[in-house]
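Before I ask anything, let me first share the structure, which is written out below as structure tokens.
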Amino acid sequence: MFRARASVRKLTSALIIGLAMLPGLSVEQELQLDYRINEHIVLIPAGNDHQARLETTVFQPNGQGPFPLIIINHGKDPGHPNLQPRDRFYHMAHAFVSRGYAVMVPMRQGFANSTGRYRDHGCDMTANGYTQAEDIRDTLEYARGQKWVDADHIVVAGQSYGGLATMALGTQELQGVRALINFAGGLRDDSNGCGWRSALVSAFAEYGAQNKIPSLWMYGENDSLFGPELVARMHDAFEQAGGKAQLVEYAAFKRDAHGMLASRDGEKVWLADTMRFLDQVGMPTKVVYKVPEPPMPQATNFAKVDDVGSVPFLSENGKRAYAEYLTKMTPRAFAVSPSGAWCWAEEGEAPEARALATCSAKSDKPCRLYSVDESVVWNPDLAEKAAVTASNTPAPATDGAGTSQLGGTAAITN
């Protein structure tokens, strides 16, 4: 039976590739760990007899703690779960670390580099949520045993499929967990005969009947998966069954509100309501650390950003691509190479780093950023120096086919 699973952690993760020689090949690179917020990866025991290992990204403030904790749970991209890259929720993590929190982002069994097997119950949305919640429970138990975690001040959040799993987890007695946050939670299954909307409503009704922990729900008006009518049905079913949930329905966000949490600009949507909710349940909300922002290239006076003719090295095809790039949303970045290679990336995490890495992977000469957001950052002197030393710089490895692990879209050619 053909099944098209359209539930994704963020719709902006779709990768748009335009290779002249190899169409459809993804060469996006995973970003380096960010030392500014002590990003590192741990393997958390999970599953039967704790034989599986969950690849888990951890961010935390400087010091020994103990820190309040937020666990953020990912959704599901189209395709095989083991091809889905490691999720980071970098922008949200940054905001919480500045408020003194440790952050954990576990990849559940069968996703990314986590071991174990992904378990799918088809159109049984209730069972899907419960099954995925098992790995979150294992993560929670691991976290409570760490000296750097304040085991009495924990929040569990999730986006898309992770939101469904978070609400399923909330049917259990969870010591130390004070709140749940559901960002665009749900799961969509367009296979033949699957009435996934009604199945979601039934799932949330069951979770509501057994709900133990207060929750905040956030859904956008232009969410392409879970629109306002369906959200109202899910929320009503949850509360009428006895669940406690504050629903925030926010206005349209960019092209698709389902990708809000992955966007740099999403903080303007989720932060205020989230902090008000967390304050109500006795969680910290004040900024207590100055967390440095990632360094950004400085604007130059090389040209105006919309001056297509000033972009160096581009063929006519490349110039058309740059004109298209100017229609993209910020954050965005455009990289070029003396070989004629180019790449743009928009939205998601660090588009400037993604554009450079992807361009460099397909060019035999060094790529440099030309434009970031609304500014030209091209420095011809630095570009010439880079070209001279390029032979001493190893080329980055490629990932093979798949979707972008960093959110956003990208295009590249030679």
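Computed from a prediction, not measured in an experiment: that's the story for all the values here.
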Donor + acceptor pair across side chains of Ser263, Glu347 (<3.5 Å): yes
field: Residues in salt bridge (Lys or Arg N to Asp or Glu O under 4.0 Å) contact with Asp273, at least two apart in sequence or another chain
entry: Arg276
query: Between Ser160 and Phe226, which heavy-atom pair has the shortest distance, and what is it?
result: OG-CE1, 4.4 Å
- request: Kindly compute the distance separating OG1 (Thr139) from CG (Leu54), expressed to the nearest 0.5 Å.
  value: 5.0 Å
Candidate list Glu324, Glu346, Glu374, test salt bridge (charged side-chain N to carboxylate O under 4.0 Å, His left out), partner Arg332, passing option: Glu374
- prompt: Can you check whether Arg197's main-chain N or O pairs, donor with acceptor, with Arg188's side chain at less than 3.5 Å?
  reply: no
Intermediate values then yes/no, side chain to side chain donor-acceptor pair (under 3.5 Å), Asp256 and Asn222: CA-CA 6 Å; Asp256 189 343; Asn222 63 330; 5.5 Å; no
- prompt: Should the SG of Cys343 and the SG of Cys367 be checked, would they turn out to be under 2.5 Å apart?
  reply: no
message: A quick test of your reading: do over 12 heavy atoms of other residues, nucleotides or ligands sit less than 6.0 Å from NE2 of His80?
response: no
field: Point-to-point distance, once rounded to the nearest 0.5 Å, from CG of Leu69 to CD1 of Ile71
entry: 5.0 Å
Partners meeting side chain to side chain donor-acceptor pair (under 3.5 Å) with Asp124 (sequence neighbours left out): none
message: For Ser371, give me all partners under side-chain contact (heavy atoms from CB on, under 4.5 Å), at least two apart in sequence or on another chain.
response: Val305, Tyr322, Tyr325, Phe334
Which donor-acceptor pairs under 3.5 Å do the side chains of residues 277-292 make with protein atoms, sequence neighbours left out?
| unit_1 | atom_1 | unit_2 | atom_2 | d |
| --- | --- | --- | --- | --- |
| Gln280 | OE1 | Gln246 | NE2 | 2.7 |

query: Can you name the side chain to side chain donor-acceptor pair (under 3.5 Å) partners of His153, sequence neighbours left out?
result: Asp150, Arg178
query: Taking the side chain from Glu55 and the backbone from Asn113, do they hold a donor-acceptor pair closer than 3.5 Å?
result: yes
task: Of all the heavy-atom pairs spanning Thr358 and Arg354, show the shortest one and how long it is.
output: OG1-O, 2.7 Å
- prompt: Counting heavy atoms not belonging to Lys244, are there more than 12 under 6.0 Å from its NZ?
  reply: no
message: Applying side-chain contact (heavy atoms from CB on, under 4.5 Å) to Ile41 and Val58, what does each step give before you reach the verdict?
response: CA-CA 6 Å; Ile41 297 173; Val58 178; over 6 Å; no
query: Looking at residues at least two apart in the chain, or sitting in another chain, which of them share a ring-ring contact (aromatic ring centres under 6.0 Å, His included) with His235?
result: Trp217
- prompt: Is there a side-chain contact (heavy atoms from CB on, under 4.5 Å) between Gln172 and Ile213 once you walk through the steps?
  reply: CA-CA 8 Å; Gln172 305 176 39; Ile213 304 167; over 6 Å; no
statement: CG (Leu247) and CG (Leu216) are apart, to the nearest 0.5 Å, by 8.5 Å
message: Any carboxylate oxygen within less than 4.0 angstrom of a Lys/Arg side-chain nitrogen, looking at Glu39 and Arg86?
response: yes
query: Which word best sums up how the rings of Phe96 and Trp270 line up, parallel for under 30°, tilted for 30 to 60°, or perpendicular for over 60°?
result: parallel
- prompt: About how many Å separate OG1 of Thr56 and CE of Met107, when rounded to the nearest 0.5 Å?
  reply: 9.0 Å
- request: Could you list all the side-chain hydrogen bond (donor to acceptor under 3.5 Å, both in side chains) pairs where at least one residue sits in residues 300-309, not counting sequence neighbours?
  value: Asp307-Ser310
message: Which residues pass the ring-ring contact (aromatic ring centres under 6.0 Å, His included) test with Tyr130, not counting sequence neighbours?
response: Tyr207
field: Sequence-distant partners of Glu229, salt bridge (Lys or Arg N to Asp or Glu O under 4.0 Å), two or more places apart
entry: none
field: Side-chain heavy-atom pair Val105, Val103 within 4.5 angstrom cut-off
entry: yes
message: Is it the case that the side chain of Lys328 and the backbone of Pro331 share a donor-acceptor pair, with hydrogens and angles ignored and the cut-off at 3.5 Å?
response: no
- prompt: Between Asp34 and Tyr90, do the side chains contain an N or O donor and an N or O acceptor separated by less than 3.5 Å?
  reply: yes
message: Quick check for you: to the nearest 0.5 Å, what is the distance between Ser339 atom OG and Lys362 atom NZ?
response: 11.0 Å
task: Could I get the full list of side-chain contact (heavy atoms from CB on, under 4.5 Å) partners for Thr115, not counting sequence neighbours?
output: Ala52, Arg53
message: Under a 3.5 Å threshold, yes or no: a donor from one side chain and an acceptor from the other, between Asp223 and His258?
response: yes
- request: Work out which heavy atom in Met104 is nearest to a heavy atom in Trp148; give both atom names and the distance.
  value: SD-CH2, 4.3 Å
- prompt: Under the 3.5 angstrom rule, does the side chain of Asn182 hit a backbone N or O of Ser215 as a donor-acceptor pair?
  reply: no
Inter- and intrachain pairs under side-chain hydrogen bond (donor to acceptor under 3.5 Å, both in side chains), touching residues 101-112, at least two apart: Arg108-Gln132, Gln109-Asp135
- line: The reported gap from CG in Asn379 to CG in Leu369 (rounded to nearest 0.5 angstrom) is 12.0 Å
field: Distance-only donor-acceptor check, side chains Tyr161 and Asn73, under 3.5 Å
entry: no
- request: Step by step, work out the side-chain contact (heavy atoms from CB on, under 4.5 Å) result for Met92 and Leu261.
  value: CA-CA 7 Å; Met92 189 176 187; Leu261 204 62; 4.0 Å; yes
- prompt: Got a salt bridge between Lys319 and Glu316, using NZ or NE/NH1/NH2 to carboxylate O under 4.0 Å?
  reply: yes
field: Side-chain donor or acceptor of Thr171 paired with backbone N/O of Asn211 under 3.5 Å
entry: no
query: Under 3.5 Å, is there a donor-acceptor pair between the side chain of Ser375 and the main chain of Val377?
result: no
Results of salt bridge (Lys or Arg N to Asp or Glu O under 4.0 Å) for Glu352 - residues two or more places apart only: none
message: Working note: Asp189 + Ser191, criterion side chain to side chain donor-acceptor pair (under 3.5 Å); need CA distance, chi angles, decisive distance, verdict.
response: CA-CA 6 Å; Asp189 187 337; Ser191 60; 2.7 Å; yes
- prompt: Just by distance, do the side chain of Tyr142 and the backbone of Arg137 share a donor-acceptor pair under 3.5 Å?
  reply: no
- prompt: So, Ser315 side chain and Gly318 main chain: donor-acceptor pair closer than 3.5 Å or not?
  reply: yes
